[in-house]
Amino acid sequence: MSASLIEMRGITKSFGAVKANEGVDLSVAPGEILGLLGENGAGKTTLMNVLFGAYAPDAGEILVEGRPVAIHNSADALAAGIGMVHQHFHLAPRLTVLENLLIGIAGKSGRIDRARGLARLTEISRQYGLSLDPNLPVSALSVGEQQRLEIIKALFRGAKLLILDEPTAVLAPSEVDGLFAALRSMAAQGLGIIFISHKLNEVRALTHRCVVLRHGKVAGRVDHPAGTTSAEMATLMCGHEIVPPVKEASTPGASVLTLDGISTSGHAGTPLRDVSLFVRAGEILGIAGVSGNGQRALADVISGMLPPRSGTMTIAGKKVAQFSPRELQALGLGRIPEDRMTTGLVTNLPLVDSMVLPRIGTEAFSRKGLLNPAAIRAFAEAQIEAYDIRCPGPMVRAGALSGGNLQKALLARELAFDPKVLIVSQPTRGLDIGAARFIHEKFLAMRAKGCGIIVIGEDLEELLMLSDRIAVMYEGRIAGTLPSADATVARLGLMMTGAGHTGEAA
Amino acid sequence: MFRLEARTSTPAWFNLALPLIAIAVTLVLCSGLIAVAGAGVVEAYGVMLSASLGDSYAITETLVRAAPMIFTGLAVAIAFRAKFWNIGAEGQLLAGAVASCFVGAIPMPGYLAMLLMALVGAAAGALVALVPATLRVKFKVDDVVSSLLLNSVIYYALMALIEGPWKDTFSGYPISPPIEDSANFPVLIEGTRLHLGVVVALIAAPLCWFLIARTTLGFRIRVTGENPEAARYGGINVQRVLISTALLSGALAGLAGVGEVGGVHFQVMSDISPGYGYSGIVVAMLARLNPLGVVPAAIFLAAVMTGAEAMSRATGVPAFLSDVIQGTALLAMLVALLFTAYRIRRVRASA
Ligand SMILES: Nc1ncnc2c1ncn2[C@@H]1O[C@H](COP(=O)(O)OP(=O)(O)OP(=O)(O)O)[C@@H](O)[C@H]1O
Ligand SMILES: [Mg+2]
């Protein structure tokens with residue numbers, strides 16, 4: 001295999017008792033896009049961190065173009081031609097695009113050659129179709145543009161192999177197409193690419209070959225991803241078949257959440273403009289839309305983070321007065337935020353703290369300002385058990401849990417209080433199909449129990465599968481609402497662009 | 001070759017081991033200075049130890065010195081838990097001292113005077129801490145800078161007072177008039193300076209621990225410090241928590257000043273605090289922001305201070321060594337804290 005660009009042989013890496021990688025072999029040829037698949041916690045990120053020099057492997061070796069190399073840090077990795085785009089970007093927000101590219105590569109004399117940097121940026125942009133305004137500050141870039149900058153940064157430093165850890169998790173579907181085009185062009189020009197994703201249709205569309213990890217070991221390889229079904233891949237990943245949940249028919253009851261003429265201002269994203277919607281007991285309302293069309297503001301208003309400028313909101317017949325998280329919880333609202341790590345949890349504190357955080361002041365967990373440690377612990381332990389949250393115990397640092405387990409923990413902390421209405425944003429982002437399936441089942445079970453659920457999401461197939469009705473947001477307004485029986489990806493896609501306004505509240 | 005690697009969990013024994021290691025490293029580093037000053041290292045540290053903890057009188061002296069640092073250490077520990085960067089314990093201490101001295105000078109029954117001194121002193125400290133907290137909450141002013149600068153403001157205001165309108169007419173020195181004798185804190189052991197305030201300090205530490213670990217306010221302080229966004233989403237009024245923390249922290253620092261006035265100096269002078277407010281930062285860091293750890297950490301620094309004076313007399317090493325030890329201990333602890341988040345791994349050296 002002297003033709004491979006990168007080869008990893010027998011990589012083993014343990015964290016204490018956890019074997020994150022065990023005897024993993026993997027190679028990428030020039031011009032090849034390799035998919036790296038596996039459940040949450042299978043060891044994908046760890047393996048890539050070993051390749052990029054963040055972790056030293058316990059055993060195994062790495063060969064670049066047939067020669068063994070020692071990679072002790074990211075500088076070694078870059079010198080060996082390996083570039084990585086992490087899920088959390090490493091950019092200096094106040095500096096411009098060009099300045100970010102020039103960080104750390106000042107010449108020997110300490111001078112920075114802007115002109116040459118600019119020339120190189122132009123060349124890379126042209127070569128792979130990755131354009132960015134060099135003089136914009138990073139803080140002005142969208143998430144997709146920041147990702148593009150990270151890719152350019154790796155290429156700028158001479159990467160021959162590009163690692164992308166779940167790059168599509170942060171992108172809107174429309175941005176994914178642009179990313180894929182760039183990746184294909186890079187591969188066509190001889191770069192090697194390792195692509196990690198939980199979205200199997202993306203993997204099938206993009207990659208030439210796949211390696212599937214399970215519990216740290218290679219569970220299988222897929223030589224023709226395009227000719228393999230998602231179900232087959234899922235079976236390889238999980239070790240058993242994943243069947244989609246069945247949605248029972250249900251007759252919705254009275255409205256449990258009503259928004260009437262809600263408008264907002266003073267929000268970072270697109271404000272809401274005269275939004276009215278409702279969700280009934282035993283019903284799931286999907287909110288579709290290209291990201292940045294007011295979904296963030298909608299979620300913030302409903303979850304009590306942003307009081308609206310005008311309009312009213314009613315929960316189970318009671319008018320919301322203050323739009324504070326506490327008031328809404330008391331009225332029976334459950335909330336699951338879009339960003340688990342920054343909004344949902346306190347990663348540096350024990351998991352138990354995050355699990356009781358929103359209701360710490362209630363009778364369940366405290367009395368007269370004194371915590372009830374026994375009740376708090378018992379609650380956390382019961383939820384860990386009930387939701388099969390994989391962790392060493394309630395006292396583990398929350399940040400040490402995998403994405404799927406964190407999401408289960410957030411779900412558990414809300415559902416334990418039998419909400420009448422549940423608002424969730426991007427519920428399965430970054431989750432493997434097994435975990436996503438579990439979340440979907442819970443939503444459907446809550447629906448059967450008469451809970452009204454609002455799911456804000458970008459994955460149209462997920463929305464179509466879960467929802468009874470789908471509302472489309474466009475520029476801060478509800479562009480239309482369809483019963484999901486009448487909705488198709490194509491029709492929703494059209495509405496999301498602001499064209500073909502159809503349908504009325506059904 | 002060695003390298004640092006991120007860890008996901010920190011073993012529990014680290015909390016104890018890290019400060020001890022930091023202290024050991026400090027003593028080793030400072031032994032170089034002792035040698036340069038021309039004294040025997042073992043001898044010098046021996047004198048320090050026996051002069052600070054060697055007999056019961058020395059121990060009471062060390063405890064008396066530890067008391068204000070327990071209070072300022074608690075003040076800083078609680079503030080830092082909420083990531084309210086209170087570098088102003090020194091100024092809050094001085095405010096507490098001035099306010100309690102005013103009250104103590106008013107004739108009234110002793111127990112009432114002591115109670116009022118504590119209340120008014122704590123309130124004065126809290127009020128001072130409220131300034132940087134309000135500036136941060138309302139105007140996003142950096143609390144490190146504002147609380148630090150406020151120290152100078154308070155110090156010079158105090159100087160202006162005791163050089164001017166408040167100057168002791170009896171002695172004519174730039175010191176305040178003394179408090180009433182009846183307001184002097186009772187001495188607990190005859191022949192020593194061990195006063196009631198020391199016991200209050202020792203009781204305050206477990207109370208603060210209880211507050212942080214077992215109350216909803218403590219929970220909110222911890223969560224707000226670690227992730228204000230998640231706190232807000234969880235229904236915590238982050239600004240209110242910051243203000244409450246500041247009031248609490250300032251009150252504790254104010255009590256440090258009350259103890260110095262009521263139990264040690266009985267009046268206010270320009271050097272009433274040899275930097276106890278700043279030492280509180282060292283104490284809190286050595287204690288890893290755990291209120292229970294504040295007590296041993298404060299006693300350690302107090303022992304260094306009392307010991308250094310005796311050592312200076314016996315061996316000729318300047319007493320400034322005590323300040324060097326404090327500074328080095330803080331640096332050593334900050335370096336040691338790195339190992340709570342990272343571990344050192346040996347990697348096979350290869351070409
Ligand atoms: N720094 C670390 N310390 C201890 N354990 C770790 C560390 N990093 C990862 N792990 C553990 O190693 C295993 C593999 O984790 P890894 O992040 O590589 O999974 P992954 O396949 O990337 O999952 P996901 O799809 O959720 O991103 C998990 O059990 C994880 O908890
Ligand atoms: Mg990962």
Side-chain angles (χ1 to χ4, degrees), chain A residues 15-16 18 49 53-58 61 68-73 300 303-305 324-330 335 337 339-350 353-354 356-362 365-373 376 392 395-401 413, chain B residues 1-12 14-15 80-83 207 209-241 244 248 288-290 337 340-351:
Chain A
F15 295 107
V18 181
N49 275 329
Y55 297 138
D58 301 331
E61 58 175 352
V69 289
I71 299 176
H72 295 311
N73 49 47
D300 282 355
S303 48
M305 297 293 278
S324 74
R326 284 199 223 179
E327 180 198 18
L328 294 166
Q329 278 173 20
R335 311 168 303 146
D339 195 330
R340 304 187 263 281
M341 294 294 235
T342 60
T343 318
L345 297 146
V346 189
T347 49
N348 265 336
L349 291 180
D353 289 352
S354 290
V356 299
L357 165 57
R359 291 181 175 78
I360 192 64
T362 64
F365 301 126
S366 66
R367 202 145 297 172
K368 295 206 175 95
L370 296 187
L371 300 179
N372 182 346
I376 289 173
M395 296 313 290
V396 67
R397 217 174 59 88
L401 267 65
R413 85 173 182 193
Chain B
M1 207 182 119
F2 296 96
R3 50 177 291 166
L4 288 175
E5 198 173 279
R7 44 164 108 234
T8 45
S9 62
T10 326
F14 261 55
N15 293 332
F80 281 17
R81 275 295 180 96
K83 295 217 164 64
L207 286 181
W209 173 85
F210 186 84
L211 176 94
I212 289 290
R214 291 278 187 268
T215 67
T216 49
L217 176 62
F219 183 93
R220 293 188 173 118
I221 287 176
R222 280 183 279 141
V223 169
T224 300
E226 287 295 344
N227 185 347
E229 194 182 330
R232 198 166 89 81
Y233 187 85
I236 292 174
N237 185 335
V238 171
Q239 305 199 333
R240 193 189 296 166
V241 169
S244 313
L248 205 64
R288 300 217 47 208
L289 308 189
N290 181 337
L337 284 176
T340 58
Y342 296 92
R343 75 174 108 223
I344 293 190
R345 257 177 83 96
R346 202 190 197 113
V347 284
R348 302 164 304 283
S350 41

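Residue numbers start from 1 in every chain, and the chains themselves are labelled A, B, ... in the order their sequence lines are given, proteins ahead of strands. These values consider heavy atoms only, across backbone and side chains, with no hydrogens, waters or symmetry-generated copies.
Counting heavy-atom pairs closer than 4.5 Å to chain B, the top residue among A:P337, A:P325, A:S366 is A:P337. Taking chain B as the reference chain and counting heavy-atom pairs below 4.5 Å, the highest number among A:M341, A:E327, A:R326, A:K368 is found for A:R326. In terms of heavy-atom pairs under 4.5 Å with chain B, the best-connected choice from A:P373, A:G369, A:G361 is A:G369. Here A:M305 is the residue among A:Q329, A:R359, A:M305 with the most heavy-atom pairs under 4.5 Å with chain B.
Only the side chain of A:R413 comes within contact range of chain B, judged by heavy atoms closer than 4.5 Å. Only the side chain of A:L349 has a heavy atom closer than 4.5 Å to any heavy atom of chain B. With a threshold of 4.5 angstrom between heavy atoms, A:S303 approaches chain B through side-chain atoms but not through N, CA, C or O.
Atom CD of B:E226 is separated from atom OG1 of A:T347 by 7.5 Å, given to the nearest 0.5 angstrom. Separating the CD atom in B:E229 from the CG atom in A:L345 is a distance of 11.5 Å, to the nearest 0.5 Å. How far CG of A:L370 is from CG of B:L211: 10.0 Å, rounded to the nearest 0.5 Å.
A donor-acceptor pair under 3.5 Å links the side-chain atoms of B:N227 to the main chain of A:T342, judged by distance alone. Within the 3.5 Å criterion, the main-chain N or O of B:Y233 finds a donor-acceptor partner in the side chain of A:R335.
The heavy-atom pair separating B:F219 from A:I360 by the smallest distance is CD2-CG1, 3.6 Å. Contact detail for A:L371 and B:R222: the closest heavy-atom pair is CD1-NH2, 4.0 Å.
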